[in-house]
Amino acid sequence: MMTPPVKSGPRYNNMILADKVRVIDDEGENLGVMYTREAIEQAAEAGLDLVEVSPNADPPVCKFLDVGKFRYEAQKKANLARKSQKTQEIKEIKMRPNIDDHDYDVKMRNVHRFIEDGDKVKVTLRFRGREFSHQQLGMNLLKRVQEDVAEIAKIEAYPRMEGRQMLMVLAPK
């Protein structure tokens, strides 16, 4: 017997390699174990294909189905799963070490909104001029951010210096 070409998707009709298969007809009735050739003939009489739905079972389970329709349904299911998937983005909030209270509150509202939407937040503190010699002010500010979001977020990357800016990454709990 010649091996069929490798194709994606389920094996059907002459591509089924097993000699005997468990057969389920188009109404869902279990017809029992029979020779593959015999099952293919019965499927053809019904105007359908014999499709392998569970190849790892012993013996493999096959159903009387329309292959084109079966593939189409599987493709639709895969597209729906892909569509409903949420990708996680990294949003950035930029601050300065001597930020005013009201400005800080506005930034924190955005941080809360981003985390509730399921996104990560990268808090960037930029130092300019003489602010660079007062890095403890930046650390205090990032500690304050950390405490304000403690219930809804965890710290993924602790505060660290990168050039003239201090970074911290928060992720939803």
Side-chain angles (χ1 to χ4, degrees), residues 5-12 15-16 22 24 26-28 30 48-49 51-58 60-173:
V6 177
K7 289 176 86 174
S8 65
R11 290 190 284 240
Y12 60 94
M15 293 182 195
I16 298 171
R22 181 173 304 281
I24 297 169
D26 50 333
E27 272 102 42
N30 188 350
L48 298 167
D49 302 298
V51 181
E52 197 172 45
V53 290
S54 181
N56 299 331
D58 187 34
V61 178
C62 296
K63 259 185 175 174
F64 291 175
L65 296 169
D66 180 3
V67 171
K69 189 174 178 183
F70 183 71
R71 278 196 186 142
Y72 174 73
E73 295 291 334
Q75 184 70 41
K76 256 175 65 170
K77 202 181 289 180
N79 286 344
L80 189 66
R82 193 169 33 252
K83 197 190 312 180
S84 63
Q85 211 169 50
K86 168 91 171 83
T87 57
Q88 195 174 49
E89 294 180 39
I90 296 184
K91 305 282 189 171
E92 186 173 22
I93 295 287
K94 292 184 179 180
M95 295 184 188
R96 296 277 307 279
N98 55 351
I99 190 170
D100 197 41
D101 283 339
H102 180 262
D103 295 335
Y104 175 82
D105 293 339
V106 170
K107 300 276 188 185
M108 288 312 292
R109 265 200 306 270
N110 286 333
V111 168
H112 279 275
R113 193 182 72 224
F114 293 151
I115 288 176
E116 283 163 7
D117 289 346
D119 296 322
K120 292 182 182 181
V121 178
K122 177 176 166 185
V123 182
T124 306
L125 221 64
R126 178 160 286 143
F127 293 94
R128 285 168 57 185
R130 288 189 212 141
E131 293 172 346
F132 197 67
S133 59
H134 299 287
Q135 291 181 9
Q136 76 279 0
L137 291 176
M139 272 309 248
N140 293 344
L141 182 63
L142 288 181
K143 278 198 176 87
R144 184 174 160 198
V145 169
Q146 202 173 324
E147 289 164 8
D148 288 350
V149 296
E151 312 90 52
I152 61 167
K154 61 179 185 284
I155 285 120
E156 194 168 87
Y158 285 91
R160 67 180 190 282
M161 285 301 292
E162 245 177 50
R164 285 187 129 344
Q165 52 190 18
M166 193 177 278
L167 304 171
M168 177 173 75
V169 179
L170 304 168
K173 275 191 175 174

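Source: prediction; values computed, not measured.
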*Asks:* With a cut-off of 6.0 Å (strictly less than), are more than 12 heavy atoms of other residues, nucleotides or ligands near NZ of Lys77?
*Replies:*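 Open.
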*Asks:* I need the single residue from Asp119, Ile152, Val149 that forms a side-chain contact (heavy atoms from CB on, under 4.5 Å) with Leu170. Which is it?
*Replies:*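 Checked Asp119, Ile152, Val149 against Leu170; only one passes side-chain contact (heavy atoms from CB on, under 4.5 Å): Val149.
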*Asks:* In Å, rounded to the nearest 0.5 Å, how long is the span from CG of Asn140 to CD of Gln135?
*Replies:*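 If I round to the nearest 0.5 Å, the distance is 12.0 Å.
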*Asks:* Would you name the heavy atoms of Val121 and Ile93 that are closest together and state the gap between them?
*Replies:*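 Smallest heavy-atom distance, with atoms named: CG1-CG1, 3.9 Å.
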*Asks:* What distance separates Met168 CE from Gln146 CD, expressed to the nearest 0.5 Å?
*Replies:*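 These two atoms lie 5.5 Å from each other.
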*Asks:* Can you tell me how far apart CG (Leu65) and CZ (Arg71) are? Round to the nearest 0.5 Å.
*Replies:*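 Leu65 CG to Arg71 CZ: 12.0 Å, rounded to 0.5 Å.
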*Asks:* Within this structure, what is the CZ-CE distance for the pair Arg144 and Met95, rounded to the nearest 0.5 Å?
*Replies:*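 One finds 8.5 Å between CZ of Arg144 and CE of Met95.
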*Asks:* Distance from Leu167 atom CG to Met161 atom CE, nearest 0.5 Å?
*Replies:*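 Separation between the atoms: 8.5 Å.
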*Asks:* What heavy-atom pair brings Pro159 and Met139 nearest, and what distance separates the two atoms?
*Replies:*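 Smallest interatomic distance, heavy atoms only, reads CB-SD, 3.8 Å.
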*Asks:* Determine the minimum heavy-atom distance between Leu48 and Asp66, stating which atoms define it.
*Replies:*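 Where Leu48 meets Asp66 most closely, the heavy atoms are CD2-N, 3.9 Å.
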*Asks:* Find out whether His134 and Pro97 are in side-chain contact, i.e. whether some heavy atom of one side chain is under 4.5 Å from a heavy atom of the other.
*Replies:*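 No, too far: nothing below the 4.5 Å cut-off.
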*Asks:* Look up atom NZ in Lys143 and atom CD in Glu147, then write down how far apart they are to the nearest 0.5 Å.
*Replies:*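 Reported to 0.5 Å precision, the distance equals 9.0 Å.
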*Asks:* Between Arg160 and Glu162, what is the shortest heavy-atom contact and its length?
*Replies:*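 Scanning both residues, the minimum pair turns out to be NH2-OE2, 3.0 Å.
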*Asks:* Write down the atom of Arg130, the atom of Ser133, and the distance for their closest heavy-atom approach.
*Replies:*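 So the minimum-distance heavy-atom pair works out to O-OG, 2.8 Å.
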*Asks:* Kindly indicate whether the side chain of Asp49, heavy atoms from C-beta on, has any atom under 4.5 Å from the side chain of Phe70.
*Replies:*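 Contact flag for Asp49/Phe70 side chains = no.
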*Asks:* Find out whether Lys122 and Lys120 are in side-chain contact, i.e. whether some heavy atom of one side chain is under 4.5 Å from a heavy atom of the other.
*Replies:*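 The answer is no, as the side chains (C-beta and beyond) never meet within the 4.5 Å cut-off.
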*Asks:* Side chains of Cys62 and Ile16, heavy atoms from C-beta outward: is any pair under 4.5 Å?
*Replies:*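 Yes, their side chains come closer than 4.5 Å.
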*Asks:* Whether the side chain of Lys107 engages the backbone of Lys94 through a donor-acceptor N/O pair (distance < 3.5 Å, no angle test) should be reported.
*Replies:*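 Side chain of Lys107 to backbone of Lys94: a pair is present.
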*Asks:* Quick one about Glu92 and Thr124 (side-chain donor to acceptor, distance below 3.5 Å, no hydrogens or angles considered), yes or no?
*Replies:*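 Yes, because at least one side-chain N or O of Thr124 sits under 3.5 Å from a partner of the opposite role on Glu92.
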*Asks:* With a sphere of 6.0 Å drawn around CZ of Phe132, does it hold more than 12 non-hydrogen atoms of other residues, nucleotides or ligands?
*Replies:*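 Yes, the 6.0 Å shell around CZ holds more than 12 heavy atoms from other groups.
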*Asks:* When you compare the side chain of Leu141 with that of Tyr104, does any pair of heavy atoms fall below 4.5 Å?
*Replies:*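 In short, these two side chains touch, coming nearer than 4.5 Å.
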*Asks:* Can you check whether Met108 reaches Asp105 side chain to side chain, under 4.5 Å on heavy atoms?
*Replies:*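 Met108 vs Asp105: side chains apart.
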*Asks:* Give me the atom names and distance for the closest heavy-atom approach of Arg164 to Gly129.
*Replies:*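 Where Arg164 meets Gly129 most closely, the heavy atoms are NH2-O, 3.9 Å.
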*Asks:* Does Val123 reach the side chain of Leu142, with side-chain heavy atoms less than 4.5 Å apart?
*Replies:*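 Contact flag for Val123/Leu142 side chains = yes.
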*Asks:* Run the salt-bridge test on Glu156 and Lys154 with the 4.0 Å N-O cut-off and return the result as yes or no.
*Replies:*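 No, Glu156 and Lys154 are not salt-bridged.
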*Asks:* Measuring only between side-chain heavy atoms, which start at C-beta, is Leu137 closer than 4.5 Å to Asn98?
*Replies:*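 Result no, sub-4.5 Å side-chain heavy-atom pair not found.
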